[in-house]
Amino acid sequence: SHLLEPVAKACNRAGNGHWHIILKCANHSGAEVEMIICMKKVKKSTDSVISQLAGKGIFVDDSKLFLVFLQRSCEMDLPVYRVAIRPGFQPEELVFQFGPYPIFVAGREGIQGVIPGEGMMVNNTIAVAGSLEQWQEQVARKVCGMAPKLAILVGLSSFLLPLLGESGAIFHLCGDSSTGKTAALQVGASVNGQAAEPGSGSPTQIQRWNATSNGLELLMVMNNGTTLALDELGSFTGKFFAETLYDIVSGATKSRMDPETLGMARQSTWVQNVLSTGELTIVDRIRLEKSQVMDGMLHRALSIPVMAEDSRSENESIDAAGQRISDIKTSLLTCHGSAGYEFVQCLTHLADESGNYFDWKTTSDIMKSSLNEFHDEMNRRLYAGLSTLSSVESRVLRRFAILYMTGAFAADWGILPWQCSDIADVTFEAFGRWL
């Protein structure tokens with residue numbers, strides 16, 4: 001008794017997988033309903049899909065006829081959407097799933113929309129509230145010192161990693177209590193979404209370290225492509241902390257059996273940086289359980305000591321700094337996510353002088369060439385100070401060069417209201433602290 005209208009079809013880039021049909025209908029209450037139906041799921045269990053439609057007020061009596069209808073819909077000349085199979089960049093494609101928001105160039109990709117695939121976990125705390133100008137005025141221009149500015153650079157840096165072919169790392173702000181670590185973490189998280197203080201009861205993307213290895217893996221999967229914020233390293237109470245760290249930075253879930261096929265389950269992968277806080281350094285936390293500290297961990301988990309002065313401007317009193325930081329935290333409740341969103345917009349919309357948008361490979365080549373230039377600049381500055389680095393230290397320098405490059409691009413694109421010289425000073429100061 002109600003018209004089911006197919007309005008679009010969705011699949012992967014090759015057109016040979018992840019087929020979905022998008023239907024529109026007015027239900028028995030007269031309300032318009034849009035449904036995204038996974039063809040694999042409906043073929044496997046038509047009745048379960050029909051029961052979900054019934055929950056929306058749409059009743060289908062003939063399951064066989066309904067399946068034929070969906071198959072015929074796939075053959076229609078409908079607008080084509082892309083199915084996002086994971087958060088962040090889709091494989092080798094400049095289509096980015098930023099929480100619930102897809103970011104892409106329709107003409108270049110040959111699509112008119114993007115939908116999340118069946119089973120993809122969408123992190124709704126990655127969200128945009130307020131304008132970029134508001135975030136700049138109420139947050140970016142008000143932060144002072146190395147710690148919060150570094151946190152913002154780490155927050156923006158993860159978007160570049162897949163294009164650079166670089167793995168992620170943990171940037172860990174460590175120091176005594178009341179040194180502004182959590183405030184810096186909140187500011188860093190605000191570039192991508194909700195950044196209320198952990199434990200305050202307000203929605204926030206900031207998580208705590210007190211999770212199992214599997215739980216942390218799940219957080220990495222849900223935040224793929226976007227910096228994950230983890231507070232209070234000391235709250236980790238599980239065993240085998242060193243192994244847990246390796247699991248986080250490995251970029252892939254552990255090998256597991258698929259209970260349905262009894263074969264190997266498909267591994268989930270991720271590439272992003274982690275912004276972390278705690279009173280202990282990561283090396284000290286590893287040594288607490290008498291585990292060996294390996295070189296591989298030294299260039300993947302980077303502890304950067306911070307002090308209260310690292311969140312204050314020169315000659316600013318403690319009371320004035322406290323009031324300013326309190327004002328920033330209040331602003332974060334209604335002003336967040338715009339900086340990360342705009343950064344990805346700029347990154348995916350790069351074009352030549354004729355206005356032709358770059359593809360994945362061209363964009364990647366540009367990013368890699370730029371990183372080499374920023375890395376060389378940092379090397380020259382170190383050599384001017386007669387500093388020679390070990391192989392591990394050289395790898396860490398490249399990670400900090402990514403932060404330098406992130407800030408320079410963000411300033412050039414009008415996202416960060418800072419001078420490039422200030423960004424360089426913050427990056428070198430943080431690297432020196434780690435060193």
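For clarity, every value in this text was computed on a predicted model and none was experimentally measured.
- Counted within 6.0 Å of CD1 on I366, heavy atoms from surrounding residues, nucleotides or ligands total more than 12; the atom is thus considered enclosed.
- Between atom CG of residue L233 and atom CZ of residue R208 there is a gap of 12.0 Å, rounded to the nearest 0.5 Å.
- There is no side-chain donor-acceptor pair under 3.5 Å between T226 and N192.
- Between the side chains of N372 and D376, not a single donor N or O lies within less than 3.5 Å of an accepting N or O.
- Interatomic distance, S391 OG to L298 CG, rounded to the nearest 0.5 Å: 10.0 Å.
- For the 3.5 Å distance criterion, the side chains of S190 and H336 fail to qualify, holding no donor opposite an acceptor.
- Here F89 and W360 bring their ring centres to under 6.0 angstrom of each other.
- Taking the salt bridge (Lys or Arg N to Asp or Glu O under 4.0 Å) definition, one finds that E109 meets it with nothing, sequence neighbours left out.
- Note that the OG atom of S369 and the CG atom of D365 stand 8.5 Å from one another [nearest 0.5 Å].
- In summary, the aromatic rings of F104 and Y81 are positioned with their centroids too far apart to meet the 6.0 Å limit.
- Every pair passing salt bridge (Lys or Arg N to Asp or Glu O under 4.0 Å) that includes a residue from residues 132-141 is listed here, sequence neighbours excluded: E137-R141.
- Using modelled atom types and a 3.5 Å distance limit, the side chains of S303 and T281 yield no donor-acceptor pair.
- In this structure, a donor-acceptor pair under 3.5 Å is absent between the side chains of S317 and D319.
- With F400 as the partner, the ring pair (Phe, Tyr, Trp, His ring centres under 6.0 Å) test is satisfied by one option alone out of W434, F171, F428: F171.
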